[in-house]
Amino acid sequence: MEKDELAAAQAYVRLLEATRSVLTEPQEAPLYLPLLTAPMEEADRALRDAELSGNEERLFALVRALRPSLSASSR
């Protein structure tokens with residue numbers, strides 16, 4: 001995994017974790033949704049830099065390599 005690919009996978013994982021945190025309290029979600037702006041921007045920038053925008057298959061392969069526990073088969 002190259003440095004920019006690692007950064008993109010890590011940014012995606014951070015966005016996923018932040019989103020999960022916001023959604024754990026549905027009644028509070030409207031209050032916390034604005035907090036997702038920074039992680040979304042970071043992930044978008046990292047995906048562009050790694051030339052992974054639109055290449056979800058490659059991104060998810062990188063994420064699985066980084067965090068196997070996030071793969072669908074382990075759910």
Side-chain angles (χ1 to χ4, degrees):
M1 188 178 315
E2 294 186 24
K3 184 178 177 180
D4 57 348
E5 292 175 332
L6 176 61
Q10 289 173 328
Y12 174 80
V13 169
R14 281 191 291 276
L15 174 58
L16 181 62
E17 290 171 348
T19 302
R20 284 181 175 169
S21 294
V22 166
L23 296 177
T24 59
E25 299 286 336
Q27 66 277 12
E28 302 291 329
L31 179 65
Y32 295 118
L33 282 174
L35 298 176
L36 295 177
T37 302
M40 283 189 286
E41 290 172 351
E42 176 195 15
D44 283 343
R45 187 174 44 257
L47 289 170
R48 255 190 329 273
D49 291 349
E51 298 180 358
L52 291 171
S53 296
N55 191 347
E56 292 82 7
E57 185 176 331
R58 177 71 181 136
L59 171 63
F60 294 144
L62 294 167
V63 170
R64 281 191 302 273
L66 182 64
R67 296 277 303 268
S69 64
L70 294 177
S71 77
S73 63
S74 66
R75 290 184 203 175

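Heads up: numbering here begins at 1 and tracks the sequence. Just the heavy atoms: all of them, side chains too, but no hydrogens, waters or symmetry mates, feed the values below. The structure displayed is predicted, hence computed values, not measured ones.
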Please report the interatomic distance CG(Leu23) to CD(Glu28), rounded to the nearest 0.5 Å. 12.5 Å
Take Leu52 and Leu62, measure what side chain to side chain contact (heavy atoms under 4.5 Å, CB included) needs, and give me the verdict at the end. CA-CA 10 Å; Leu52 291 171; Leu62 294 167; 3.6 Å; yes
Residues which pass side chain to side chain contact (heavy atoms under 4.5 Å, CB included) with Ser21, listed by chain and number, not counting sequence neighbours: none
Return a table of donor-acceptor pairs under 3.5 angstrom between the side chains of residues 42-49 and protein atoms on other chains or two or more places apart.
from, atom 1, to, atom 2, distance (Å)
Glu42, OE1, Arg14, NE, 3.4
Glu42, OE2, Arg14, NE, 3.3
Glu42, OE2, Arg14, NH2, 2.4

State which residues pass side chain to side chain contact (heavy atoms under 4.5 Å, CB included) with Ala7; sequence neighbours excluded, sorted by chain then number. none
Residues passing the side chain to side chain contact (heavy atoms under 4.5 Å, CB included) test with Glu2, sequence neighbours excluded, are Asp4, Glu5
So the ring-ring contact (aromatic ring centres under 6.0 Å, His included) pairs with at least one residue in residues 35-70 (sequence neighbours excluded) are Tyr12-Phe60
Mind checking side-chain hydrogen bond (donor to acceptor under 3.5 Å, both in side chains) for Glu17 and listing every partner two or more places apart, or none if nothing turns up? Arg67
To check you understand the geometry: which heavy-atom pair defines the closest contact between Leu36 and Thr19, and what is its length? CD2-N, 3.7 Å
Search all heavy atoms of Leu6 against all heavy atoms of Met1 and return the closest pair with its distance. CA-SD, 3.5 Å
Apply salt bridge (charged side-chain N to carboxylate O under 4.0 Å, His left out) to Glu56 and list each qualifying residue two or more places apart in sequence or on a separate chain. none
Which residues pass the side-chain hydrogen bond (donor to acceptor under 3.5 Å, both in side chains) test with Glu57, sequence neighbours left out? none
Name all pairs fulfilling the ring-ring contact (aromatic ring centres under 6.0 Å, His included) condition that reach into residues 13-59, sequence neighbours left out, sorted by first residue then second. none
Given the rule that I, L, V, M, F, W and Y join up when any side-chain heavy atoms are under 4.5 Å apart, are Leu33 and Leu15 in one cluster? yes
